[in-house]
Amino acid sequence: LLLRSMTSINEQIWGGPAMATMRFVKRLLTIGVTSDPTFMLRNFIRDTLHTWTISRGDFTPVISSLTGAIKAFREDDDMVQLMAAGGAFHGGFAYGNDPAAVKLMVRKLITKKGIDRNTILDSVKKVWEAYQEIGGAMENAARVRTYANVKAKTGSHLQAAFDAKDIMDFSVRGDWAAINFLVQTVPFLGARIQGLQRLGKGAMENPVAFTLKGSAIALASTLLWLHNRMRPEYQE
């Protein structure tokens, strides 16, 4: 496993016009879905509960994520350090497995930090980019808070960055060629597989806490279903 991990660092990903087209179509659909404000809110809630369930340290649902979202939006020192370590994702659902898109996001960030006029919302494009920044802050909220908590507890930047990225690592694309191909071309497949893998890992690392927290979420979901099940709009 160590050898395969080391050799995959320099792995040549699928290329060519066909792959570029499929990645673009996947990215287009994914961005369309994840840019919906209701999706952003739902994803924010899901992330905070997911992180609470698998967290190795101190993490308070909602409260920790809100403070993390503020740190991410302001791009304070913790957010910058986390980004430099590769532990943060901007549009992870869409860009996690697309190196070209990640490169574009990095270039935009460099330009933004160097030219003040990019912060002025004087075009539709800039309004859209500002909106995407809000989405990115919500997406990285739990990660930044986890990074800050672990760093304060251990004093280790590397451990903190690893734990933050390990919440949901969108850059993981699998070792088997078939999975590698599907993750890069099928919307949300990579996030689904990684989410299930991370939940399983969390259950093995701390089975008691995982069971208690998971049961609490399951109970809340059941009560919500019982409350809504007879409503016509819910049935539709």
Side-chain angles (χ1 to χ4, degrees), residues 30 33-73 78-79 82 87-93 96 134-154 156 159-172 183 187-236:
T30 307
V33 173
T34 57
S35 297
D36 186 330
T38 57
F39 180 92
M40 289 184 179
L41 179 60
R42 174 187 169 196
N43 192 56
F44 177 82
I45 296 171
R46 180 174 55 199
D47 276 355
T48 192
L49 292 176
H50 170 84
T51 305
W52 175 62
T53 303
I54 66 172
S55 176
R56 303 185 183 96
D58 299 327
F59 189 90
T60 305
V62 182
I63 296 175
S64 292
S65 290
L66 285 175
T67 57
I70 294 172
K71 292 169 76 68
F73 186 74
D78 283 337
M79 179 61 180
L82 183 58
F89 292 94
H90 189 99
F93 288 112
I134 295 173
M138 294 178 69
E139 186 177 354
N140 283 300
R143 300 178 192 280
V144 179
R145 189 67 264 173
T146 297
Y147 173 85
N149 288 347
V150 176
K151 188 176 181 181
K153 186 175 181 179
T154 66
S156 171
Q159 184 65 52
F162 175 82
D163 285 359
K165 187 175 185 180
D166 196 41
I167 290 173
M168 273 280 283
D169 189 350
F170 292 113
S171 66
V172 172
V183 162
F188 300 106
L189 179 64
R192 173 62 63 184
I193 295 176
Q194 174 64 7
L196 293 173
Q197 184 270 343
R198 190 60 188 87
L199 286 175
K201 182 180 176 182
M204 289 187 291
E205 288 178 342
N206 197 342
V208 175
F210 182 89
T211 301
L212 291 174
K213 294 175 181 179
S215 298
I217 296 172
L219 177 61
S221 299
T222 303
L223 293 174
L224 181 62
W225 175 79
L226 289 171
H227 177 72
N228 288 327
R229 61 190 170 88
M230 298 306 294
R231 295 186 177 189
E233 63 271 23
Y234 183 83
Q235 294 175 350
E236 290 177 2

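Hydrogens, waters and symmetry mates play no part in the numbers below; they use all other heavy atoms, side chains included.
- Here the shortest heavy-atom pairing between Asp166 and Arg198 reads O-NE, 2.7 Å.
- Taken from CZ in Phe44 to CG in Leu49, the straight-line distance is 10.0 Å, to the nearest 0.5 Å.
- Closest approach of Ala216 and Trp52 over heavy atoms only: CB-CH2, 4.5 Å.
- Taking each heavy atom of Asp47 and Ala142 in turn, the nearest pair found is O-CB, 4.4 Å.
- For the residue pair Thr30 and Pro187, the shortest heavy atom distance occurs at OG1-CB, 3.7 Å.
- To the nearest 0.5 angstrom, Asp169 atom CG is 7.5 Å from Arg143 atom CZ.
- Across every non-hydrogen atom of Ile54 and Leu199, the tightest pair is CG2-CD2, 4.2 Å.
- Nearest heavy-atom pair, Tyr234 versus Asn228, reported as atom, atom and distance to 0.1 Å: CB-O, 3.3 Å.
- Residue Thr146 holds its OG1 atom at 8.0 Å from CG of Asp163, rounded to the nearest 0.5 Å.
- Remark: Asn43 CG to Met168 CE distance equals 8.5 Å, nearest 0.5 Å.
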Open item on the list: Under the criterion side-chain contact (heavy atoms from CB on, under 4.5 Å), I'd like the reasoning laid out for Phe210 against Thr53: C-alpha separation, chi angles, the key distance, then a yes or no.
Closed with: CA-CA 6 Å; Phe210 182 89; Thr53 303; 3.6 Å; yes
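- In this structure, the separation between NZ on Lys151 and CD on Gln159 is 13.0 Å, given to the nearest 0.5 Å.
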